[in-house]
Amino acid sequence: MRETAPPEQPRTSSSEITYPDGRVELADGAIPADSPYHNDDLAPVPLAERRWTTYNFAALWIGMAVNIPSWTLASGLVSLGMDWKQAVLTIALANVIVLFPMLLTGHAGPRYGIPFPVLARASFGVLGANLPALVRGVVACAWFGIQTWIGGQAIYFLAGKSLADSAWWTGAGELFGYPWPQWLCFALFFLFEIVIILRGMDAVKKLENWAAPLMLLGGLALLAWIANKAGGLGPLLDQPSKLGWGADFWPVFFPALMGMIGFWATLSLNIPDFTRFGAGQRAQVWGQTLGLPTTMAFFALLSVLVTSGSQAVYGEPIWDPSQLAARMDSTVGVVFALLVILMATLSTNIAANLVSPAYDFSNAAPRLLSFRSGAIVACVLGVVIFPWKLIENPSFYIYTWLGTVGGMLGTVAGILIADYWLIRRTRLDLAALYRRDGVYWYTGGWNWRALAAFTVGAVLAVGGSYSDPGNGPFPEDGLIPFLQPLADYGWAVGLTASLLVYTALMATARHRRAPNSP
């Protein structure tokens, strides 16, 4: 009789357990309970709790991608002169490009169960990881403020449909340039977000699972409504390009492409915050591939079609879906639109903009800040930066804000990818990520090679940043004029430069891999 080979058993060391599928978890007692670089939220997720499936990751991306800023991305490109085909192509291509670093950095999540700031310790050092974590965290705070303002604005516009005859609503005075009921709606939405995030990551998962199908249904319903009022889809497709496909198009296309990449460059860093709950690599790879590029392209198409329909019906393009929905004749339709818009904004803001800074700020002071208290800090910072100022101008929003942020974050992504894939071949000493006497302590907790690569990449990526006259904070000829030609390609320049510099510097470094690596 032919003998059956016994099943492969996990490999166990004094600090970690490695399973046949490559996933790793810490052994009991591997990290001292009083370690200043560890708390329950930063600790690796136990294998038994890594349960997110392909659907969970796809729903996560649908929930994050379907939101008002995503909707206005396409409209912003059209306002810069593109037609609907050019705008959708630009957004679809950008999201296919950004998917690749997303999958590469996301690999460490299911394998080791660690969040982004802990993964960054392998390259920047146990203490040095606070630099990329805080850069990412501050950007997330800004996005949180933007989305919270948009959510409150949606409540204000749609509630105004029902309260149009109320004197205290229509006759309200202004505060800092906006009616005070709008500030009230902003505060209510802000408090509701805090309630959700304080319930932890399981609440985020449930929110995304329920929100995703509802939001897609709502977008299709809005398209059907405006197409019916416009007399069919024909008028929705008539808007011509002001740029053509010649010499006028490409100077707009490339910086716009980098801006669209910059929109999700944030998540290309901290995606391990979510994939650490994955049941395996297949779940995160297929879930992200099915969820991100397809949803963003479809939503961009939906945005342009609905906006074109609004121009055909009302004589002017209405880019904000909440303002458009407020023109519905049906009270039931307005209420449904309000629900969809709030779910879209809520699911995006919590998943994309609160989870990351919650971990990032906790990483800066693990003994003082938990995931929940880090989230509260992020909420407060997101309000005090005046987010409504960041989205007033499409040129500033796409080129200055998204372009600069994308360049900085692309630099960090290049270092993470180089370290994890090229230097360490995906093998980490898990326990050493939480200790000062391990391979990732480098010099005083900082890896100077990562700092050097970050500096070079950041200078090349954003050093040439420029603004149109009167449309931004940068000089017209760039901060560093001879670098201005690189500014339109900031994300790609930052990622490539930092990846090459870091790989070259680490090639001669000692202890390039974990001591127990094969």
Residues 97-105, side-chain donor-acceptor partners within the protein, below 3.5 Å, at least two apart:
from   : atom 1 : to     : atom 2 : distance (Å)
Thr105 : OG1    : Pro101 : O      : 2.9
Thr105 : OG1    : Met102 : O      : 3.4
Thr105 : OG1    : Ser268 : O      : 2.6

Donor-acceptor pairs are to be reported for all side-chain atoms of residues 216-224 against protein atoms at under 3.5 Å, with residues two or more places apart or in another chain.
none

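The two residues Phe361 and Gly374 come nearest to each other via the heavy atoms CD1-O, 3.5 Å. Of all heavy-atom pairs spanning Leu269 and Phe116, the tightest one is O-CD1, 3.4 Å. Heavy-atom minimum distance, Ala120 versus Pro132: CB-CG, 4.1 Å. The two residues Leu381 and Cys141 have their closest heavy-atom pair at CB-SG, 3.9 Å. Heavy-atom minimum distance, Ala140 versus Pro357: CB-CD, 3.5 Å. Residues Leu416 and Ser123 approach most closely at CD2-OG, 3.7 Å, considering heavy atoms.
For the side chain to side chain contact (heavy atoms under 4.5 Å, CB included) criterion with Phe298, the lone passing option out of Thr294, Leu302, Thr295 is Leu302.
More than 12 heavy atoms of other residues, nucleotides or ligands shown are found within 6.0 angstrom of CH2 on Trp421.
Within the structure, every pair that satisfies the side-chain hydrogen bond (donor to acceptor under 3.5 Å, both in side chains) test and touches residues 184-198, not counting sequence neighbours, is listed here: Thr148-Glu193, Glu193-Asn349.
Take Asn363 and apply the side chain to side chain donor-acceptor pair (under 3.5 Å) test, not counting sequence neighbours, and it matches Arg121, Asn130. For Asp360, the side chain to side chain donor-acceptor pair (under 3.5 Å) criterion is met by Ser356, not counting sequence neighbours. Here Tyr489 pairs with nothing under the side chain to side chain donor-acceptor pair (under 3.5 Å) rule; sequence neighbours left out.
In this structure, the side chains of Phe144 and Phe190 come closer than 4.5 Å at one or more pairs of heavy atoms. Residues Leu60 and Asn56 are not in side-chain contact: their nearest non-hydrogen atoms beyond the backbone lie 4.5 Å or more apart. Contact check for Met296 versus Trp264: side-chain heavy atoms found under the 4.5 Å cut-off. Here the side chains of Ser303 and Val88 are not in contact, with every heavy-atom distance at 4.5 Å or above. Within the 4.5 Å cutoff, the side chain of Arg276 has heavy atoms near those of the Tyr359 side chain. Proximity of Gln86 to Trp245: side-chain heavy atoms (C-beta onward) are separated by under 4.5 Å at one or more points. Side-chain contact between Tyr112 and Leu119 is absent, with no heavy-atom pair separated by less than 4.5 Å. Residues Thr411 and Leu495 fail the side-chain proximity criterion, which asks for heavy atoms closer than 4.5 Å.
Atom-to-atom distance recorded for Leu460:CG and Thr455:OG1 is 10.5 Å, nearest 0.5 angstrom. Taken to the nearest 0.5 Å, the CG atom of Asp419 stands 11.5 Å off from the OG atom of Ser498. Within the model, atoms OG1 of Thr90 and CG of Asn95 stand 11.0 Å from one another, a figure rounded to the nearest 0.5 Å.
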Next on the checklist: Phe57 vs Thr275, test: side chain to side chain contact (heavy atoms under 4.5 Å, CB included). Steps then yes/no.
Outcome noted: CA-CA 8 Å; Phe57 286 112; Thr275 61; 4.0 Å; yes

Item to check | Pair Val459-Ile480, side chain to side chain contact (heavy atoms under 4.5 Å, CB included): steps then yes or no | outcome: CA-CA 9 Å; Val459 169; Ile480 305 175; 4.2 Å; yes

Item to check | Test log, rule side chain to side chain contact (heavy atoms under 4.5 Å, CB included), inputs Ile271 and Gln288 | outcome: CA-CA 10 Å; Ile271 194 64; Gln288 293 201 80; 3.4 Å; yes

Next on the checklist: Please evaluate residues Phe454 and Val412 with respect to the criterion side chain to side chain contact (heavy atoms under 4.5 Å, CB included), reporting the C-alpha separation (whole Å), side-chain torsions for both, the decisive distance (0.1 Å), and the verdict.
Outcome noted: CA-CA 7 Å; Phe454 176 80; Val412 177; 3.6 Å; yes

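In summary, the side chains of Arg111 and Thr426 do present a donor paired with an acceptor at a separation below 3.5 Å, with no hydrogens or angles considered.
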